[in-house]
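Okay, so here's the structure we're looking at.
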Amino acid sequence: MTRPVDEKDLLRKIIRAFPSAGKNAPGMPLDDDAAVFSPRVGYQTILTCDWMLEGSHFLRHKHPADAVGWKCLMRATSDIAAMGGVPRYFLLSLAIPQSLSGRWLPEFFRGLQRATIALNCKLAGGDTTRRNDILISVTVIGEIANGLAIRRSGAKPGDQLFVTGTLGEAELGLKMLRHQRGFARPKNPPLRKHLYPEPRLAVGQWLARNRLASAMMDLSDGLSSDLPRLCEASGVGTKIVTEQLPVSSLVVGQEALSLALHGGDDYELLFAVRPKKANKIPREYNGISLTHVGEITPGKKIQLEKRSKVSSLTAGGWDPFRK
């Protein structure tokens, strides 16, 4: 039987799981209530935060604890990638039930530790508390050279739209997971993409460094839900060509299209490029495919072209407030 832990015990577990955090964090060890951060000269700081909630983003009896640890940092870091930045430090706020302080917690830390190593992003602090369900909040601090940050608001009519990777795979992985018994293991690309996503940091940094993207964001809620946000920020419309969408090869027809348009959790990048620079976008970068999927248009219509027929694209991706 696991011995009950108090908050001091939990903090000790965190410090043991991340022994280098106090030495490499912005300026204070983890036993202080805050950290000191000094941005580098010539760089701007990027701040972002994200929730990882039991029942909404993962299921305790389906998602391995190490996958939850990995994903909570990776999904938050995707917003850094969407600006072309580099993640440096993160804050972890964790609420868990007493019963999970035994086996679940070390496995969660193991996945989170793997993510910090993969991203070279170090723990700088956070907060802990007790709750019946699991609530995780991650704040990531990143940086980018002055003047290089890519925002959602820079697209203009005539810009060409591109996406990285394959769309709909993570949603397909979630469907597979729901039909499995017990904990899922990443036996195929969709399941792995759902459990262990990887933000497109290298692509985002390359686009920023070479000033190729006029606007960019990550696809966390699905193309049909995220694309209107980029268009609204830029005051433009768009037309997407369905035949050009990079869909999963494991499904066909309408299912493949629906997953590509509305499936969430992909953490791919959606970016616009000025017409004169579009020929500088290769078919892949660093092993990640870059696919031309449409064009920015005047006005504010979000349109879908399928077999030369044009219709309005309705947002059907993830929305926590939609019934």
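Please read these numbers as outputs of a predicted model, since none were measured by experiment.
With a 4.5 Å cut-off on side-chain heavy atoms, Arg211 and Ile150 do not count as touching.
For the 3.5 Å distance criterion, the side chains of Tyr267 and Arg200 fail to qualify, holding no donor opposite an acceptor. With hydrogens and angles left out, the side-chain atoms of Ser93 and Asp127 include no donor and acceptor closer than 3.5 Å. Using a 3.5 Å distance cut-off with no hydrogens or angles, the side chains of Glu284 and Ser289 do not pair a donor with an acceptor. Residues His63 and His57 bring no donor and acceptor atom of their side chains to less than 3.5 Å of each other.
Formation of a donor-acceptor pair under 3.5 Å by the Ser225 side chain with backbone atoms of Ala315 is not found in this model. Judged by distance alone, the side chain of Ser258 and the main-chain N or O of Glu255 form no donor-acceptor pair under 3.5 Å. Counting only distance, with no hydrogens or angles, the side chain of Asp221 and the backbone of Asp226 share no donor-acceptor pair below 3.5 Å. Using a distance-only test at 3.5 Å, with no hydrogens or angles considered, a donor-acceptor pair links the side chain of Asp266 to the main chain of Gly168. Although no hydrogens or angles enter the test, the distance criterion places no donor-acceptor pair under 3.5 Å between the side chain of Ser234 and the main chain of Val236.
Residues Arg60 and Glu54 are paired through a salt bridge, judged by an N-O separation under 4.0 Å between the basic side chain and the carboxylate. A salt bridge does not link Asp66 with Arg110: every distance from a Lys NZ or Arg NE/NH1/NH2 to an Asp or Glu carboxylate oxygen is 4.0 Å or more.
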